[in-house]
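Just so it is clear, the model here is predicted, and its values are computed rather than measured.
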Amino acid sequence: MRKEGKRKRKRKEDKKRVVVSNLPFEGRSHKENPNRHYCGNQIKSSKYTVLSFLPKNTFEQLHRFANIYFVSIAVLNFVPVVNAFHPEVNLIPICIILGVTAIKDAWEDLRRHQSDRVINNGECLVYSRKEQSYVQRRWKDVRVGDFIQVRCNEVIPADILLLFSSDPSGICHLETANLDGETNLKQRRVVKGFSQQEVQFEPEHFHNTIVCEKPNNHLNRFKGYMEHPDQTRTGFGSESLLLRGCTIRNTEVAAGIVIYAGHETKAMLNNSGPRYKRSKVERRMNTDIFFCIGLLFLMCLIGAVGHGLWNRTFREHPPFDVPDANGSFLPLALEGFYMFLTMIILLQVLIPISLYVSIELVKLGQVFFLHHDLDLYDEETDSPIQCRALNITEDLGQIQHIFSDKTGTLTENRMVFRRCTVMGREYPHQENAKRLETPKELDSDNEEWTQYQRLSFPARWAQGPAAMRSPGGAQPLKRSQSAQVPIQRHFRQRSVGCWENTQSPVAFSSPIEKDVTPDKNLLTKVRDAALWLETLPDSRPAEPALSTSAYVADFFLALTICNSVMVSTTAEPRQRVTMPPSTKALGISLEKIQQLFQKLKLSSLSQSFSSTAPSDTDLEESLGTNVPTIDSEERDDASVCSEGYSTDGGSRSSTWDQSEAPTSGSGMSLEEVPEAPALGAASPEFCYEAESPDEAALVHAARAYSFTLVSRTPGQVTVRLPQGTCLTFDVLCTLGFDSVRKRMSVVVRHPLTSEIIVYTKGADSVIMDLLRDPACVTDTAVEKRVRKIRAWTQRHLDLYARDGLRTLCIAKKVMSEEDFQRWASFRREAEASLENRDELLMETAQCLENQLTLLGATGIEDRLQEGVPDTVAALREAGIQLWVLTGDKQETAVNIAYSCRLLDQTDTVYSINTESQETCASILNCALEEVKQFYGPREPDCKFFGFGPPSETPPHASRATVPGVGLVIDGKTLNAILQGKLEEKFLELTQYCRSVLCCRSTPLQKSMIVKLVRDKLRVMTLAIGDGANDVSMIQAADVGIGISGQEGMQAVMSSDFAISRFSHLKKLLLVHGHWCYSRLARMVVYYFYKNVCYVNLLFWYQFLCGFSGSTMIDYWQMIFFNLFFTSLPPLVFGVLDKDVSAETLLALPALYKSGQDSECYNPLTFWISMADAFYQSLICFFIPYLTYKDSDIDVFTFGTPINTISLATILLHQAMEMRTWTVIHGLVLAGSFLMYFAVTLVYNATCVTCNSPTNPYWVMEGQLSDPTFYLVCLLTPVAALLPRYFFLSLQGTYGKSLISKAQKIDKLPMDKRDLEIQSWRSRQMAAPVPGEALPTHRPVPPVPEQDLRAGTSESSSSPKKTGKEDCVLCGERSSRDHTGDDPCSVDSSAKLSSGDHLLLGPSSAMASGASSRGQADVCRLSIRGSHRRSQSSVTI
């Protein structure tokens, strides 16, 4: 028992790291230091040293099968019994191949050595006990347990636990651009207990023990605790860890203790280097190499058997059969085995040794042209395409499925505030919608517009005595603690080379994101809320009434406070504002504000500010007291909403008028500007640095209504109110956003009421489940109002989602002091725990974020990137199936899918939402049956090497009149499919769909879907994304593409290719992808043909020399043949050849299908090339043989014409394969042929005893004087290439290959080519194409005109729903009649019994339901109609 206990204890200790200070052990023996076992800070990314390079590099190269093969052949040739050539000569080819690769590896490793030397010799400040101060040391001398001091703009040398910051609040700011590419600053906090330091941190007084987790590669996860001498513990997390490679910003000095060093730092553990992927062509090539090996063994076996049979024809041993020293001869079997090995050496060139090197060189050339394509360069971000994986360029031409993220990939990830709903009342912001529709007019209308972008009441207006409030006036805001404190300045010198670019250093701060035009109706409510805050009593009533002013005030306070936004200034974007600006008065009067508006001629706004007392606008006023009133008002709101989005003249005005535009920005009248001329420099405009664009958009929106975030520290946040007064809230706790909770909360103490308030924002699907149950309210009227607020807010959320907006819910909760102290104690215990820390922290968050009160919701627009619809349409036309995997709401994703033409207006869209596996199986069966009946079975196109049955239309036009199918599922349905073994049914259904949307999906689900499609369907997949949540999906796909957007560079660093815009994908795949695949595939086939054709010449000769293993060609000529004479033309062919022009490939995306079908390189093309190689070798050998049959020429004189003829045939074959002819192509082909003659003439003239006893001396010179040589060399290639020429002629004339048709079009003049392309597209697009004008409504397939009943059990989970519920068939409605809230679209909870049925879609396909456990299972299958806001759906 004791031993088991020790083992468990040791196992537990192995999961921890214990760190103590190194100072007590300074000067002592190294063995006494308990930190001695930890890794040092010196890094080594190089692989070799001077001594280890040769053996280690050779060993690594021998991991490649082809290299092992050729080295084995070279070694085998040293055996005297089986050698076919001079052993030293046989080493030359493999030595050249290994040498070239070794030089490349040595150059790369030398650069790594230089980089390591620079990093390791960097200097930093390390505390020395002997010197009693920080001293300069090199990075490589830093050890775990050392105390490091880092100054502003310096790079952190190791992973450090932050113990001191010069910032009074204990904050240190990091820039993690070197780690993840994100330029927005991150906050790190000093470990609790060390933040309140009046003086400099003293490392010698540190006697604590640090216990943390073992080194790992999780950048955002770190946990541990600090054990004090009194045995108390203080927990810490990733918020206190400074990572190696990050840069200190906005902080004078930071100090801490080293936790991880060198290769154990999180940055180094994440630096795994480039990933190696094998392309589809390479996998096919490896298979064919094994076929060639089999062919080689067959030919060697024939040679061994033939040698034995030929020897048996002699009655006595022939004179050339020499016995051994004992006078005995080898047995026939052993002699045959030796001949088998000799034949392997002789025919070794059948395996193309230079193919691998040629492929690498060709891919380098392809990548060079990719990098220099100006169409793939983004001038705005100054970023070209990045090729991070050089070995899969050809896979770009064979993609069949694309998996794309939505936010930041299809959209710009530039969040623009569009609409909001507060207390159930919707504010459409139609003026803001007009501004966004005409962005150019914003800059060109007038110069004054930029001064009045937002309604702002800054304190600097109140500078004159007239602007000050009277001393006798009510001043309820006296508890605003920081209103008189000046700004704490932090002027920093920028680091060299950090911001010398054209981009703004502040992320998410473009004018379209910052400038928000307020809604006039909401401005009135903001005025009332400001007055309400001004008259707020010291303590609120126990049960506050549902006041609109209170809701509006809390709504905008939540937008301002509930975030992690940092405040800086435009004068110095990295200068953090920690205190609000000083003011001489607490605020200005509303009468002064009204005068300013009158001076600005804002008549409509001044009227709204004319009243002096807040209006009693309650729920009855905003929503109505009965249902008809609510419907009529909601209809008005919806009409206003549609007016804001109108682009066809429905808006009142599309131009900006100063008399109608709300004020903004500085908010000063033209007359007030001269009164305080120097204030602009004293109070520069604030900049907001946010970690996500959503946060920035909400803070900018709150600022537009004059709820301005002024400063933020870990303990306080200051908000400037519309009247210019500053409120400082004490921040008690912050629960950051994470992908599991999908929400963020901030706990603050209200400065006016001293209440503890929890402000929460998050996804509506989460927040709605955390709201307080209205049944708990004692007042029936209040309960009714709360239910109405929730119902109307949900309808507005659905409206926003259908309009493609991103939705967030805002809620609050008031806590008692006792409840908060109890929760805070629980939270501290969870933070100090090392075991199950994440689970405990999640539990504390769930204890806090419940019983919330709904304040409202926001709708933020994420605009489509430019060119996305055209790109999606082209990719779909190219036969690529597009999937969108997003975490957004289903309605938002569907709306974006219609906008970017992912879903067509004529498509039938199936939407499946269920948690039950049984229900999901029933729906999939029913949908499959219906789709098969309506669309027919899938029939693959069968073609034989470009030939097929004649058809008047392209392949995909056969079913062009049938609408397409789209599928929409959510994350819960994905779980049911993956856990219920329903993958095959799901994939079968997706085969009929040209677009699939997976909504509310997690990063893990994204990667699982990609792997499922890739492995089960055996298709080529491409994943594209821009954020950290897309990394797993990018790495799971065959080709991963990262977009360098607003969410950092994590996706780019994990990708194979990086682009700046989604629209670049069109040319990358359709043009460069097609070219890369076509060039490389045909080059590989050509290499196999070339080597088989040449080796067969030696094989046929064995039939005439008694299978003796001798050759008729000099071995040096054979080496030169592969290394020089025929090596350059394939390289030029693989880099420069263009079978179809770029313009034609872009105009006819259907040409991309040739790569998907592997037309250039498949088993059929391989074996046809092999057969052609055998035929050509027969012709090239036997025509010269028959010509010189009865002559007395020697063996090399016979071999020279054969060598010359084979070279001419192989080069002419290459010329026939070329589709592009330039000067380079002609020079390379002619140069290779002429170089053969020049080298051969020189070699034959100088080589007297090179290959004794038979020497090629003066052979070529003699042949050039023989007319027969010229005649044979002229006629034989013609006879050898005639079948190939005839085959290509038939293929070009009668073949139905799209590529051959496109090649004919390319040869036409420009005007005729355009007409032919238009004719092609008109035939191909017999059905309406995406983007064309389509009828507003599409007739829905017949459905029985009756209500569809779904029986439910008497006891339902919902207390209000009993008995049976009707399944309503909603008809199509025009978007112009859409009031924003379709009653048919609201899902009703129902429980399906085993005997119930669900009618699906166009035909009467039935599916049995299934009971759901625990609660009613909402199962919905909708079929969307012709318009993005019109739908016919079947809802249970």
Report yes if the side chains of I1009 and M1033 come closer than 4.5 Å at any heavy-atom pair, otherwise no.
no
Taking side chain as C-beta onward, heavy atoms only, is V872 less than 4.5 Å from F1062?
yes
So Q865 and S1063, side-chain hydrogen bond (donor to acceptor under 3.5 Å, both in side chains) or not? Walk me through it.
CA-CA 8 Å; Q865 291 184 18; S1063 57; 5.6 Å; no
With a 4.5 Å cut-off on side-chain heavy atoms, are I1059 and R1061 touching?
no
If we only count heavy atoms from C-beta on, is the K266 to P215 side-chain gap below 4.5 Å?
no
Knowing that exactly one of K742, R790, R1000 qualifies, which makes a salt bridge (Lys or Arg N to Asp or Glu O under 4.0 Å) with D764?
R1000
Under 4.5 Å between any side-chain heavy atoms of V909 and Y898, yes or no?
yes
Looking at K280 and D1038, is any side-chain nitrogen of the basic one under 4.0 Å from a carboxylate oxygen of the acidic one?
no
Name of the residue among T973, L978, V1013, L967 meeting side-chain contact (heavy atoms from CB on, under 4.5 Å) with F986:
L967
Can you tell me which residue among V968, L924, L974 is in a side-chain contact (heavy atoms from CB on, under 4.5 Å) with I912?
L924
I'd like to check K761 versus N563 (side-chain heavy atoms, cut-off strictly below 4.5 Å). Are they in contact?
yes
Over 60° means perpendicular and under 30° means parallel, so classify the ring planes of W883 and H401, tilted if in between.
tilted
When you look at CZ of R283, are more than 12 heavy atoms from neighbouring residues, nucleotides or ligands closer to it than 6.0 Å?
yes
Tell me whether R837 is salt-bridged to E831, with the criterion being a basic N under 4.0 Å from an acidic carboxylate O.
no
Any carboxylate oxygen within less than 4.0 angstrom of a Lys/Arg side-chain nitrogen, looking at R994 and D907?
yes
Quick one, E394 with S279, criterion side-chain hydrogen bond (donor to acceptor under 3.5 Å, both in side chains). Give me CA distance, side-chain angles, the key distance, then yes/no.
CA-CA 7 Å; E394 65 273 21; S279 66; 2.4 Å; yes
Of R795, Q794, H796, the one forming a side-chain hydrogen bond (donor to acceptor under 3.5 Å, both in side chains) with D798 is Q794
Which pairs, with at least one residue in residues 974-984 and sequence neighbours excluded, count as a salt bridge (Lys or Arg N to Asp or Glu O under 4.0 Å)?
none
